[in-house]
There are 2 protein chains.
Amino acid sequence: MSPPHSAKLNRILAALPLASYTRLLPLLEFVPMPAGHVIYEPDLPIRHLYFPTTSIVARLYETASGACTQTGIIGNEGIAGISALFGAENSLARMVVQSSGNAFRIKADLLKREFELGGELQHLLLRFAHALMIQTEQIAVSNRYHTVDQQLSYLLLMSLDRLPGNELHITHEQVGIMLGVRRESVTVAAQKLQTTGAIRCRRGHLAVVDRQQLEASAGENYAVVKKEYERLLDVYCSVAAGSSESPTKQFKRFFQSSR
Amino acid sequence: MSPPHSAKLNRILAALPLASYTRLLPLLEFVPMPAGHVIYEPDLPIRHLYFPTTSIVARLYETASGACTQTGIIGNEGIAGISALFGAENSLARMVVQSSGNAFRIKADLLKREFELGGELQHLLLRFAHALMIQTEQIAVSNRYHTVDQQLSYLLLMSLDRLPGNELHITHEQVGIMLGVRRESVTVAAQKLQTTGAIRCRRGHLAVVDRQQLEASAGENYAVVKKEYERLLDVYCSVAAGSSESPTKQFKRFFQSSR
DNA sequence: CATCCTATGTGTGCCGCCGAACAGAACGGC
DNA sequence: GCCGTTCTGTTCGGCGGCACACATAGGATG
C-alpha cells in the first residue's frame with residue numbers, strides 16, 4: 001500500500017501515466033482539510049484545485065435567501081474545482097470539507113496548462129466530470145421525488161464509500177444543511193432507519209449497521225450513481241494498466257470491499 | 001443574417017475559427033427535429049451529437065418508476081450529447097425535442113476526434129458543458145425549494161430565450177412531464193400567472209405577455225442561469241472575434257433583444 | 001460534581017402538492 | 001354543423017415537510 005501521505009491515495013493521480021505523474025508531482029502541495037473548512041466561496045475565483053486523498057468535499061449550492069442543497073460529493077476518486085478547467089471565471093458554488101482528512105492541491109493555471117496538453121490526464125478528468133454530472137442529475141431527481149429517509153440513506157452510503165470504517169462524524173443539523181431539509185426532519189428519518197436496524201446514532205455520530213437495508217432504503221437513487229462510479233474506476237484502472245504497473249487495482253478492491 | 005439552413009445558426013459552430021469550421025462542415029448532416037422526437041434513450045449508445053439551430057432539446061432524467069424531471073434545456077447556444085465526448089459509453093438520460101425546428105448532427109466518433117485536437121472547439125464545448133452543469137444544479141435547487149409557479153416561469157423564460165416570438169407551443173400535460181409535476185398543478189400555476197397578467201394561455205399555447213413579471217416570479221432561479229449563459233455568449237463572441245469576422249455579434253444582439 | 005451548551009426527540013397547526021374523479025371547452029375530421 | 005378527442009378548469013381528502021415551541025439527554029468544562 002501507499003504511505004498515508006502519498007499522492008497516489010487519490011485515484012486520479014494514481015491512474016496517471018508515469019510521465020505526467022512525475023511532471024505534476026512537484027506542483028502538488030499537501031494540505032490538511034479540517035471538517036467545515038470552506039475551499040471555494042460563491043463568486044470568488046478558483047485559485048487551487050484539490051485532489052482529496054482521505055478527506056471528503058461537499059459541493060453546496062446556495063440561494064440568495066440562504067437555502068442550500070448539496071449537489072455533489074467528492075472523495076479520493078475525484079477532484080474539486082474542475083469548473084476552473086472548463087473556463088469558469090469564478091466558483092458558483094460553495095465547497096466545504098464534509099469529512100476531515102488530507103488533500104493535494106495545485107494552482108489552477110498550472111493544472112489547466114497540463115490539462116490542455118490532452119492525453120490521459122484530460123481523459124481522466126473529463127470522465128470524472130461526467131460522473132459528477134450524473135450525480136448532480138440524480139440529486140435533482142431525488143429532490144423532487146424522494147423522501148428524506150431515502151435521501152439520508154443516499155448521503156450515508158455515498159459518504160461511507162469514500163471513508164474507511166462504517167461511521168460518520170456528523171450532526172443531524174449538518175446533514176439537514178446538506179440535504180436542504182430541517183434538522184427535525186433528519187431526526188425523524190434517522191429514527192426510522194434506526195428502528196429498522198439499518199443505522200445506529202449517537203450524539204454527533206451515525207453508524208451503518210446493515211448496509212444492505214440502507215441500500216434498499218436508498219433505492220435506485222444510489223444504485224445508478226454507484227454503477228456510474230464503478231465504471232469510472234474501471235476506466236482509471238485500465239488507463240493505469242496501459243501505462244505502468246497499476247497500484248490502482250488495490251484501491252479498487254478497497255473501494256469495493258467497503259460496500 | 002445567415003440563411004435559414006446555415007450551420008452558423010448554431011452559436012458554437014458560428015464561433016469556430018474558419019479552419020475547424022471548414023473541417024467540420026462536410027461532416028455535418030442537416031436534420032429536421034419534429035417535436036416529441038427522442039434523440040437519446042437511456043442505456044443506448046450516443047451515435048450522433050446534435051447542434052440545434054432552430055429547435056430546442058430537453059434533457060429528461062427518468063426513474064425506474066417512470067417519474068421524470070427535466071435537468072436541462074439546450075437550444076442553438078449548445079450541443080446535445082456532450083457526455084459522449086467525456087467518455088460515457090451510453091446516454092443515461094432521455095433527450096427529447098421540446099420545440100420543433102432543425103439541427104445539424106455529426107457522428108460521435110468524428111466529433112470526438114476533432115474535440116481531442118484541443119483548440120477552440122474544445123474550449124467552446126467545455127465552456128458550454130460548464131453552463132449546462134450550472135443549469136442542472138439550479139434545477140436541483142429549484143426542485144427542492146421552489147413552487148410550481150416559479151418553475152413554470154423559469155421553464156417559459158428558458159424556452160423563449162431559445163425561440164423567436166413570445167409563444168410556446170406546448171400543452172399543460174407536457175409541461176407537467178418536464179417539471180415532474182401533475183398536469184393539474186401546471187394548470188393552477190398557469191392560472192396564477194395569467195391573473196397577474198404575466199402570460200396568456202390558449203389550448204396548446206402559452207404566450208408571454210409581461211416578461212418582467214415573469215422574471216420576477218421566477219426569481220433568482222432564472223437570473224443565475226441567465227447570467228451564466230450571457231457569459232457563455234461573451235466567450236463565443238470573443239473567440240469568434242479572435243479568428244475571423246464575427247457574425248456572432250448579431251446573434252448575441254438577437255438573443256438579448258428577445259428578453 | 002454541578003453546570004452549561006449543544007445535540008436530539010416530540011407535538012401542533014399550516015401549506016403545497018398529490019391522487020383521483022369529473023365537468024366543461026376548444027379544436028379537428030367528417 | 002356534428003361528434004369525438006384532446007386539452008383545460010375545479011373539486012376534495014390525504015400526506016410530507018415546514019415553522020415554531022418545548023422537553024430531554026450527552027458531553028465538555030470548570
Side-chain angles (χ1 to χ4, degrees), chain A residues 35-36 63 65-70 139-156 167-196 199-207 217 219 221, chain B residues 35-36 63 65-70 98 139-156 167-196 199-207 217-219 221:
Chain A
T63 68
S65 49
C68 183
T69 314
Q70 191 196 44
I139 288 175
V141 174
S142 205
N143 280 351
R144 167 150 308 284
Y145 292 107
H146 295 331
T147 61
V148 177
D149 316 12
Q150 294 177 295
Q151 295 183 57
L152 175 60
S153 307
Y154 174 83
L155 182 73
L156 289 176
E167 197 167 315
L168 203 61
H169 191 95
I170 198 173
T171 69
H172 292 184
E173 174 75 43
Q174 292 170 310
V175 173
I177 291 171
M178 307 245 256
L179 296 183
V181 300
R182 288 169 324 129
R183 200 257 318 150
E184 291 91 326
S185 304
V186 175
T187 301
V188 172
Q191 296 264 307
K192 278 195 215 170
L193 294 179
Q194 210 169 192
T195 56
T196 68
I199 65 169
R200 212 154 42 86
C201 17
R202 281 168 40 224
R203 180 192 174 80
H205 296 261
L206 285 170
S217 139
N221 199 3
Chain B
T63 69
S65 50
C68 181
T69 315
Q70 190 196 46
Q98 186 200 308
I139 288 175
V141 173
S142 205
N143 281 351
R144 167 149 309 284
Y145 292 109
H146 296 331
T147 62
V148 177
D149 314 11
Q150 292 176 296
Q151 295 184 56
L152 174 60
S153 307
Y154 174 84
L155 181 74
L156 288 176
E167 197 166 314
L168 203 59
H169 193 93
I170 198 172
T171 68
H172 291 185
E173 175 74 44
Q174 294 170 309
V175 173
I177 290 170
M178 307 247 256
L179 297 183
V181 299
R182 288 173 321 137
R183 199 260 315 152
E184 290 91 327
S185 303
V186 175
T187 301
V188 173
Q191 294 265 307
K192 276 195 216 169
L193 294 179
Q194 208 168 194
T195 56
T196 69
I199 67 171
R200 212 155 40 88
C201 16
R202 280 169 38 225
R203 179 192 174 82
H205 296 261
L206 285 169
S217 139
N221 199 4

* **Polar side-chain contact A/E184-D/dC20 base: donor and acceptor under 3.5 Å** => yes
* Asked: Does the D/dG26 base have a donor-acceptor partner in the side chain of A/R202 within less than 3.5 Å?
  -> no
* Structure fact -> By nearest-heavy-atom nucleotide on DNA chain C, the more 5' of B/K192 and A/C201 is A/C201
* To do: Search all heavy atoms of A/L206 against all heavy atoms of A/L156 and return the closest pair with its distance.
  => CD1-CD2, 3.9 Å
* Structure fact -> Checking C/dG19, C/dA7, C/dA21 against the side chain of A/T171 (C-beta onward), the nearest is C/dA7
* Send over the distance from B/L179 CG to C/dG16 P, rounded to a whole Å. => 17 Å
* To do: Round to a whole Å and report the spacing from CD1 of A/I199 to P of C/dT8.
  => 11 Å
* Structure fact -> Between B/Q191 and A/V148, the residue closer to the 5' end of DNA chain D by nearest nucleotide is B/Q191
* Structure fact -> Between B/L155 and B/M178, the two heavy atoms sitting closest are CD1-CE, 4.3 Å
* **Taking every non-hydrogen atom, the tightest pair across A/A190 and A/I199** => O-CD1, 3.8 Å
* Asked: Quick one: bend of the helix from C/dC1-D/dG30 to C/dC30-D/dG1 from 5 pairs per end, to 10°?
  -> 30°
* Asked: Is it true that A/E167 and A/R202 make a salt bridge, defined as a side-chain N closer than 4.0 Å to a carboxylate O?
  -> yes
* **Phosphate OP1/OP2 of C/dA7 contacted by A/T187 side-chain N/O (<4.0 Å)** => no
* **Side-chain donor or acceptor of A/Q151 paired with backbone N/O of A/H146 under 3.5 Å** => yes
* Asked: Does B/C68 offer a backbone N or O that forms a donor-acceptor pair with the side chain of A/Y145 under 3.5 Å?
  -> yes
* A/E173 CD to D/dA19 C1', straight-line distance once rounded to whole Å -> 14 Å
* Structure fact -> Out of D/dT6, C/dT6, D/dG9, minimum distance to the side chain of B/R203 belongs to D/dT6
* Asked: What is the distance from CZ of B/R200 to C1' of C/dA26, rounded to the nearest Å?
  -> 15 Å
* Starting from C1' on C/dT8, measure out to CG on A/L206 and report it in whole angstrom. => 11 Å
* Asked: Touch check for A/V188, heavy atoms < 4.0 angstrom, all strands: base, sugar-phosphate only, or nothing?
  -> nothing
* Asked: NE2 of A/H169 versus P of D/dG27: gap in Å, rounded?
  -> 12 Å
* Asked: To the side chain of A/H172, which of C/dA26, C/dG9, D/dC20 is closest?
  -> C/dG9
* Roughly, in whole Å, what's the span from CZ in A/R144 to C1' in D/dG17? -> 14 Å
* **B/S153 side chain vs B/D149 backbone, donor-acceptor pair below 3.5 Å** => yes
* Nearest-neighbour nucleotide for the B/R183 side chain, D/dG9, C/dA21, C/dA25 considered -> D/dG9
* To do: To the nearest Å, give me how far apart CZ (B/R182) and P (D/dT8) are.
  => 15 Å
* To do: Check whether any side-chain N or O of A/Q150 sits under 3.5 Å from a backbone N or O of A/N221 as a donor-acceptor pair, and report yes or no.
  => no
